[in-house]
Amino acid sequence: MKIFLIGFMGCGKSHWAKIWGEKYGIDILDLDCKIEENEHSSINEIFKSLGEDHFRKLERKALLQTANIENCLIACGGGTPAYLDNLKWMKDNGVVVYLSAEPEYLLRNILKETNSRPLLKGLKEKELLNFIEAKLTERKRFYESADLILNSADLSLESYHKILDYA
Ligand code: S3P
């Protein structure tokens, strides 16, 4: 079974994939890392030299490459479910879990990492909060179409059982 973790930047997708993967012995895959491996380039560099539209195509390609992988916890990028037909594909091919979080919670987690994320480059705290609120509103309908919604702030090692119970 494939489990896709989705949610906004800073909601803990990669963090929890790593923790649950280690604890429960399930393989993990980080979609951003897969794109970087495929392209021999960083996400930042891809955005800078090829632009976001092209990045979304590469993201789609990396997602489709997971088709033949069984039993894996996949940490998607924050935008993955909101582009192309990605959300439908994920739901057809596995269980989609949204790690939901309030804007202030996301802000705390990404404030110090704005330079490693191309969409956040140069944003100061207030602008960042405005950006999070606007993008979250835009993406909410995709995120909330997940099979299961878990609150990021309440996650623990044991939360993984909720995913297994669902699947
Ligand atoms: C993006 C989120 C990033 C990465 C890219 C675009 C987005 O992934 O895919 O910078 O559009 O929200 P993380 O959510 O893992 O930071």
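In listed order, ligands and their atoms are each counted from 1. The basis for the numbers below is simple: all heavy atoms, side chains too, and nothing from hydrogens, waters or symmetry mates.
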Exercise for review: Return the orientation label for the Trp20 and Tyr160 ring planes: parallel under 30°, perpendicular over 60°, tilted otherwise.
Suggested key: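 If you compare the ring of Trp20 with that of Tyr160, the planes turn out tilted.
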
* To do: For the residue pair Phe47 and Phe55, categorise the inter-ring angle as parallel (less than 30°), tilted (30 to 60°) or perpendicular (more than 60°).
  =>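 Ring orientation of Phe47 relative to Phe55: tilted.
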
I'd like the contact residues of ligand 1, where contact means a heavy atom below 4.0 Å.
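Residue list for ligand 1: Met9, Lys13, Asp32, Ile43, Phe55, Arg56, Gly77, Gly78, Gly79, Arg117, Pro118, Leu119, Arg139.
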
| said: Could you tell me if Asn86 and Glu59 have a donor-acceptor pair between their side chains, going purely by distance under 3.5 Å? | reply: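 There is no such pair (donor and acceptor under 3.5 Å, judged by atom type) between the side chains of Glu59 and Asn86.
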
Listed once per pair and sorted, the salt bridge (Lys or Arg N to Asp or Glu O under 4.0 Å) pairs that draw on [range], sequence neighbours left out:
| range | result |
| --- | --- |
| residues 24-48 | Glu39-Lys61, Glu45-Lys48 |
| residues 151-167 | none |
| residues 100-111 | none |

